[in-house]
Amino acid sequence: DSVRVIVLTGEGKAFSAGADLEWMQRASEASIDLSRKDVRRLAEMLWRVDSCPKPTIARVNGIAFGSGVGLACACDIAVASKSASFAVTEAKFGMLPATIGPYVINAIGPRWARMLFITAERFEADFAAKIGLVHHEVERPHMVDSFSTMAHTAVLTPSRQTASAVFSDLASAPAST
C-alpha cells in the first residue's frame, strides 16, 4: 500500500469554511429527511477521517469555521498557520454543533467546547494551540517545511492501528502502585 499518510488542507485563504450560507438557508427550509441526509454525509465523512487506518494531518492554512473545525479535530495531527482563524459558528444560525461536537470535545475537552459552542467566538491559531485544537502553529512561509518534517515522521512511524492498539492497551491497563 503506497499511501502512508493523508494530508487535508485547503486552497487559498481557507482550510474549510464549513457549510456555505446558501446551503444553510436551503437546509433550514428543507424537509427533515433531506436535512438528515446531509448531516449523515457530514457525520460519515468525519467518522472516516477519525477512524482512518492511515495517519491524518490537518494543515490549516486559513479560516476553519463550523464543520471545518470538526474536520481539523477529526485528524490525528493538526497544524495551523499563525494567520489561521477558527470559529464554531453553528450557534449563529440557531443550530447545535451536534455532528462535529464529539470530535471537538475529544480534541479540546468539554469545558472549552461548551464555551465555543455557546459563543460562536472567532479565535486565532495561538488560542487554538493553547486549548489543544491544533498541535502547532507556524508562520505561513515555514508551514511547508514544518509540515513536511511532521509528515515524514508520520510515514516512518508504525501504523495508526498499531499506535491506537498500544494507546488503548495503556489506557485500559490498571495503574501500578
Side-chain angles (χ1 to χ4, degrees), residues 6-10 12-30 32 35-36 38-52 55-140 143 146-147 150 160 163-164 167-168 170-172:
I6 297 170
V7 177
L8 302 175
T9 193
K13 296 182 178 187
F15 170 71
S16 174
D20 70 52
L21 296 178
E22 287 180 23
W23 175 87
M24 291 190 86
Q25 181 64 38
R26 283 193 313 272
S28 71
E29 298 167 356
I32 290 175
S35 295
R36 282 185 184 146
D38 285 340
V39 168
R40 283 187 185 118
R41 284 197 339 242
L42 173 61
E44 181 166 341
M45 185 266 302
L46 292 171
W47 178 83
R48 286 180 182 270
V49 170
D50 183 59
S51 62
C52 182
T56 55
I57 303 174
R59 190 174 105 183
V60 183
N61 57 312
I63 62 170
F65 291 166
S67 58
V69 172
L71 182 58
C73 291
C75 289
D76 298 311
I77 300 169
V79 179
S81 71
K82 288 189 183 250
S83 62
S85 59
F86 302 81
V88 180
T89 54
E90 284 81 351
K92 289 183 177 184
F93 302 100
M95 300 167 68
L96 295 172
T99 307
I100 68 168
Y103 303 99
V104 177
I105 291 167
N106 189 47
I108 67 173
R111 190 144 191 239
W112 280 119
R114 281 193 306 266
M115 189 276 289
L116 296 178
F117 294 170
I118 292 167
T119 65
E121 178 180 316
R122 186 174 178 157
F123 55 98
E124 306 308 317
D126 59 341
F127 184 75
K130 176 184 172 186
I131 65 173
L133 198 146
V134 299
H135 298 96
H136 301 286
E137 56 170 320
V138 295
E139 295 290 345
R140 195 172 177 104
M143 194 167 191
S146 174
F147 185 76
M150 192 174 303
R160 185 176 191 274
S164 293
F167 181 74
S168 293
L170 290 174
S172 63

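Both backbone and side-chain heavy atoms feed into the values below; hydrogens, waters and symmetry mates do not. Every value quoted in this text rests on a predicted model; they were computed, and no experiment measured them.
Closest approach of T9 and N61 over heavy atoms only: OG1-OD1, 3.4 Å. Nearest heavy-atom pair, A58 versus A72, reported as atom, atom and distance to 0.1 Å: CB-CA, 3.9 Å. Nearest heavy atom pair, residue V49 against residue C75, reads CG1-SG, 3.9 Å. Closest heavy-atom contact between A84 and A80: CB-CB, 4.1 Å. In terms of heavy-atom proximity, L46 sits nearest to I100 at CD1-CG2, 3.8 Å. Taking every heavy atom of both residues into account, D76 and T56 meet most closely at OD2-N, 2.8 Å.
Note that CD of E90 is 8.0 Å distant from OG1 of T99, once rounded to the nearest 0.5 Å. Of the inter-residue distances, the one linking F15 atom CZ with F65 atom CZ reads 13.0 Å to the nearest 0.5 angstrom. Rounding to the nearest 0.5 Å places CD1 of I108 at 6.0 Å from CG of L133.
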Could you pull out every donor-acceptor pair under 3.5 Å between side chains of residues 111-128 and any protein atom, sequence neighbours left out?
from : atom 1 : to   : atom 2 : distance (Å)
T119 : OG1    : M115 : O      : 2.9
T119 : OG1    : E121 : N      : 3.2
R122 : NE     : S85  : OG     : 3.4
R122 : NH2    : S85  : OG     : 3.0

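Screening T89, V104, V88, I105 for a side-chain contact (heavy atoms from CB on, under 4.5 Å) with P97, the sole residue that qualifies is V88.
The closest donor-acceptor contact from the side chain of H135 to the backbone of V79 lies at 3.5 Å or more, if one exists at all.
Scored by the side chain to side chain contact (heavy atoms under 4.5 Å, CB included) test, S16 finds no partners at all (sequence neighbours excluded).
In summary, R40 and E44 do not engage in a salt bridge, as defined by a charged side-chain N under 4.0 Å from a carboxylate O.
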